[in-house]
Engineer: 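Got a structure for you, questions after.
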Number of protein chains: 2
Amino acid sequence: MGTVSRVLNGSPAVSAASKEKVAGAIRQLNYRPLASARDLRRDRTMRILALAKNLDSPIVSEAFRGVGDAAALSGYVSLIAPTAGEPEREQQLVDMLRNGSVDGLIMFSPTMADDEIEAVATQMSVVQLCEVADSEAAFGVSIDDRQASYDITQHLIKSGGRKLAMIGNRAARSGRLREEGFRWALAEAGLSPEHLLFADGDFNFHSGRSLTRELLGSDRLPDAVFCGSDTVAAGCVREITDAGLRVPGDIAVAGFDDSIQAEMCVPGLTTIRQPAYDMGRVAFDALFERMTEPGAHRRGRTYLPHELVVRDSTKG
Amino acid sequence: MGTVSRVLNGSPAVSAASKEKVAGAIRQLNYRPLASARDLRRDRTMRILALAKNLDSPIVSEAFRGVGDAAALSGYVSLIAPTAGEPEREQQLVDMLRNGSVDGLIMFSPTMADDEIEAVATQMSVVQLCEVADSEAAFGVSIDDRQASYDITQHLIKSGGRKLAMIGNRAARSGRLREEGFRWALAEAGLSPEHLLFADGDFNFHSGRSLTRELLGSDRLPDAVFCGSDTVAAGCVREITDAGLRVPGDIAVAGFDDSIQAEMCVPGLTTIRQPAYDMGRVAFDALFERMTEPGAHRRGRTYLPHELVVRDSTKG
DNA sequence: CTGTTAGCGCTTTCAA
DNA sequence: TTGAAAGCGCTAACAG
């Protein structure tokens, strides 16, 4: 029934009387147009999907809040799915883009190899968020992780750090860039890293503690530690404190993300603020452009500005 | 093309030769069957949706991990969407169930009134998780919040608490039950509450701090505080410590959830462990039953066992 | 302004 | 075992 459809979609070519009658019937029957039929006909869903390994990181939830708000402004629904770091599940979710279950995809922490991401991104609407493949063929939004790590490492050095350690995460793209920034700042200051420790699996409070335990057990004690996340830094601070040493008196500690944990930690953590919410919005806007302008395949990256937040954990 | 469809769906009524040929073509063309067409024809999507206000709570992400794992075992994809506490967005997402975008719905922290939930849940596949409406008409999975709060309050009393305060959250269904449990334990011990404070808006670290500041400013200082979440309890501990008082020496503090923050806090927080992951699994299993067995409309609740976890924050 | 109709891409029944 | 064809519920083009 054409008229019903017209009423549903707010077409102006309907008389007030018909509109009234149809609207009444719709209410009466509690009728909802079937999404699959409409999607099939229109060849779009007005839905997008955002993928991440886990949801328990403050950066993820904040970034996805930005995605969701921007999506809502453009009339899209944004759905979220965790991959649990399992390639099969990630594949299944990426297939939702391929088979038209959603119109666009935002990838936060992919397990896929860079060239697979590239392959999907060149054909369909994909935007990478925070964790961006090295290749410039696909498009991504992030901070300049290398520069940010350089900045905070330089701050540690300026605050008197001479024997620097880093607890990082080579499994993540951003983690590798952060290591580069760390090395860069050290090289520039004529220093060499005292320790470089990397989480094997999880990159969380517990691994922060156990890696710091290693650090403290070594014969070359650092005077400053740069951790790749606030959560890990919180574990690091806790382990140092429990060992009877003081932060920052004996060892200064810096984190990354400026999540609530940077504030909760005692002492408060010096860290890098990522504008996660805005990154999410920008990511959606880029995706929107890609979805709506047929030829638009943006490449490369957009960097959003980060900010060094100095708290007591490095006030030597 | 019937044969193609038969190959895609693994029908046995296909010759090996055809199967080979079709599979080859599918690979060659990188063909994926369009979801909307299949969903329309089959009248189901093999997708479910899980709603929550925010994603930044550890309980939410853990519970949804359970939902996702159980869903994957049954061949379902589980999607997640935050409502931001906005009724319109919640409506739009619930409409995804009504219009067949998904086959089932798990509601974590609804904004909707109980009777609206009831109305949807009696007609369609809905399961409530953690936050369950008072009405028994719909089905939900949770711990026994009232009993759990009774247990931890009783522990505070046994540990020497006489002047008890609570920082709660009347905006949430579980929050109201926790208040009941608190009052119940006090009444049984012949005590009356010293303070009952409630977060207006957010129920987080900052509100924990500011409500505790009120508490400390009053002329009747409590000797024990029960907080409705670990995050709030962490804020409470921090405020007490910053004021120069000791936890638990001067004031004992208890949290709720047994999230990572209970461990990160100094001193470690006594709290109630919710089996969030299992609750998620059980919720999906109930939803699955509802989706697959036509007449199955379960009512009432399933309670999963909670556990009192005692740490230093109450060791008087 | 409104009713009729074709057709989106898939699954499934029916014949062959 | 396979091809042909109907039809899921919707939208959009068309004719009236």
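Chain letters run A, B, ... following the sequence lines, proteins first, then strands; residues in each count from 1.
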Engineer: For the pair A:Arg173 and A:Asp114, find out whether any cationic side-chain nitrogen is under 4.0 Å from an anionic carboxylate oxygen.
Structural biologist: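 Salt bridge flag = yes for A:Asp114 with A:Arg173.
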Engineer: Is it true that A:Arg32 and B:Asp95 make a salt bridge, defined as a side-chain N closer than 4.0 Å to a carboxylate O?
Structural biologist: yes
Engineer: If you measure from CZ on A:Arg47 to CG on A:Leu97, what distance do you get to the nearest 0.5 Å?
Structural biologist: 12.5 Å
Engineer: Taking only side-chain nitrogens and oxygens of A:Ser18, does any of them come within less than 4.0 Å of OP1 or OP2 of C:dC1?
Structural biologist: no
Engineer: What is the distance from atom CD of B:Gln91 to atom CZ of B:Arg89, rounded to the nearest 0.5 Å?
Structural biologist: 14.0 Å
Engineer: Is there a donor-acceptor pair closer than 3.5 Å between any side-chain N or O of A:Asn169 and the backbone N or O of A:Gly175?
Structural biologist: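 The answer is no, because no donor-acceptor pair under 3.5 Å joins these two groups.
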Engineer: What does the B/S/- profile of nucleotides 7-16 of chain C look like, 5' to 3', with a 4.0 Å heavy-atom cutoff to protein?
Structural biologist: BBBBBBB---
